[in-house]
Amino acid sequence: MCGIVGYYGPKDPKEVIVNGLRALEYRGYDSAGVAILHQGEFKRVRAEGKLVHLEERLKEEVFDGHLGIGHTRWATHGLPIERNAHPHCVDGVSIVHNGIIENYAELRESLRAQAVNFQSDTDSELVAHLIAQQIKVGKNLLSAVLEVLPQLEGAYSILAVSKDQPNEMVAFKYGPPLIVGLASDATLVASDIQAIVPHTREVIFLEDQEVAHICGSQVQILDSRGEERSRTPVHIDWTQERAEKQGYPHFMLKEIFEQPRAVAQALAPHLDLENHRVKLKVELEESFLQSLERVFIVGCGTSFYAAMAGEYMIEGLARIPVEVEIASEFRYRNPILPANSLVVVISQSGETADTLAALRLVKEQGVRALSICNVPNSSIDREAQAHLYMNAGVEIGVASTKAFVSTLALLNLLAISLAKAKSGGELKAEPDLVQGLLSLPSHMETVLVHEKFFAEAAQTLKSFRGFLYMGRGINYPIALEGALKLKELAYMHAEGYAAGEMKHGPLALIDSEMAIIMLAPKDGLYEKTLSNLEEAKARGGQIISIGSGDDERLRQLSQHYLALPQTHWMMMPLLEVIPLQLLAYHVAESLGHDVDQPRNLAKSVTVE
Ligand code: F6R
């Protein structure tokens, strides 16, 4: 989603801002722009498409000022064209905006009635007009913003500058994140910590309805009425993993190969290796876990599919009822959350607007919320009462991979811990389960070897009319995840189905142009899955099956059989998803798509 970078300081703002925007590129965007002070005015340069186009235009540009703002835009209101790119500049005021102004139509009408001419189709430009109007009647930048704030509805983070105050920036937010970085001789504002850490580790995370007034290297935090608030900067312990592909052609492939390490890092803090026990490091007391009657798991997209797998694990092992829900549905259906419930919110970015809203709703109802995030200090991480960390390292590819397997590892740990709590602290299977978890990274390494198969098969696979991914039990959410990966990367028709549902409709889709990807490890539903496979084969479907160990029956039924190591059923998803990620990656790559930044998608979805 959109990225914001602002800089005041002695360095060349052009360099700092463009480097900052590059650090945010992974979030997904379709145009970019900067406005930097030069000879007392903001000089604006914008370009459609990737950052390289903006850099090309900036090559010959020089700026003599020390203040500037930049933006990568993911279109919401108006096409992704230069006219709609940020910054929006009106009468010496320049602003960049993430999010959506919901009362846009109303504000536009009222400005139009005052004979205002618009240069773009965006909701963001309206904010620049509103601030400029206030400055025209004698307000300074800060008071202008405080005047405009109550007029805005929706979710937004905004950074504003004015040519009349050449060493000031005003940042304010309600929804999407905004962070102020305090370096010894400079101040930065960004939507993502990645753009700040090369300059400083001292930061202030703005809260909703707060305003940051930056004047040189002085920063004042105010509430929306202009009352000063005392905020102490926090030190970020975030080793910036440079956005480098390390020899891989794409971040996504690098991240797929980093999965064994990601899982090991997710597990490490919670395992007692000497005794083969799980010691979950989380802020939930044993007595609370013992009395737990219901678990809810909420997330979006890939995080939601991890949640679905978690339902099978927790219900299967701990026998606690689990409800799983997409965050955008959960937040609006007035869910009934009994006392003695735990709500788990899953979000790689920790910034997904719907998941954050779901978390807030849970807290309002007085129910405990546990977050599973990859980005420490993200909004969800900060607002949850209990925390587990994916520890997957920075995920740059828009399509989530390593965060998914890290989450599955944590859900295994949660299921084991809940099962233990329910059975008075003893779980007979615990040492075996821990052994299974410890073996996962090396099993995952062996599965990565299938990369060669998909690299070669991609040419054939890309000519299929559609893909049907199927599985039963815990393998079903992995089928859904496999289909999502193909859709988002290859832009091909793919559906995930519970294999038992095949007869209830999707069987009609199957012919020789339809690829069937069947997940059929040797678990309790193996025989039933095989019957479903027979049905698909009888209709001429082209079958790639993914199972466990040497399996002659599966081999006979399939055009291709991929053998995974046999492990506990709760851990099979961590192995199964790897071939599905590789399939999507290679088909997309052979179609010439931008694998790391698929069209229309954003890494962090900070608007609903
Ligand atoms: C798919 C993907 C998305 C995200 C979803 C939630 O590959 O990446 O479906 O899983 O947007 O994002 P987080 O986990 O950051 O809340």
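Remember, it's 1-based here, ligands and their atoms both numbered in the order they're listed. In this chain, residues are counted from 1 in sequence order.
Which parts of ligand 1 touch Ala399 is read off a 4.0 Å heavy-atom cut-off, strictly below it: atoms 7 (O). Against a heavy-atom cut-off of under 4.0 Å, Ser303 is close to the following atoms of ligand 1: 10 (O), 13 (P), 14 (O). In the vicinity of Glu488, heavy-atom distances shorter than 4.0 Å reach the ligand 1 atoms 1 (C), 7 (O).
Leu582 approaches Leu448 most closely through the heavy-atom pair CD1-O, 4.3 Å. Shortest non-hydrogen contact noted between Ser349 and Ser378 is O-CB, 3.3 Å. Contact between Ile100 and Asp123 at its shortest, heavy atoms only, is CA-OD2, 3.5 Å. When all heavy atoms of Ser590 and Gln459 are compared, the pair lying nearest together is CB-NE2, 3.7 Å.
Screening Lys485, Gln259, Lys402, Glu481 for a side chain to side chain donor-acceptor pair (under 3.5 Å) with Gln581, the sole residue that qualifies is Gln259.
Among all protein heavy atoms, the one lying closest to atom 11 (O) of ligand 1 is Val605 CG2, 4.0 Å. From the protein, the heavy atom lying nearest to atom 2 (C) of ligand 1 is Thr302 OG1, 3.7 Å. Atom 5 (C) of ligand 1 has Cys300 O, 3.5 Å as its closest protein atom, hydrogens excluded (heavy atom only). Thr352 OG1, 3.5 Å is the protein heavy atom nearest to atom 12 (O) of ligand 1. Closest to atom 15 (O) of ligand 1, if we only count protein heavy atoms, is Ser349 OG, 2.7 Å.
Using a non-hydrogen distance threshold of 4.0 Å, Lys485 registers as a contact of ligand 1. The closest approach between any non-hydrogen atom of Val398 and ligand 1 is below 4.0 Å.
Listed for the Ser191 side chain is a donor-acceptor partner under 3.5 Å among the backbone atoms of Ile4.
The shortest N or O to N or O distance between Ser347 and ligand 1 is under 3.5 Å. An N or O contact shorter than 3.5 Å is missing between Thr355 and ligand 1 by distance.
With ring centers used as reference points, His593 lies under 6.0 Å from Tyr491. Centroid-to-centroid, the aromatic rings of His250 and Tyr585 come within less than 6.0 Å.
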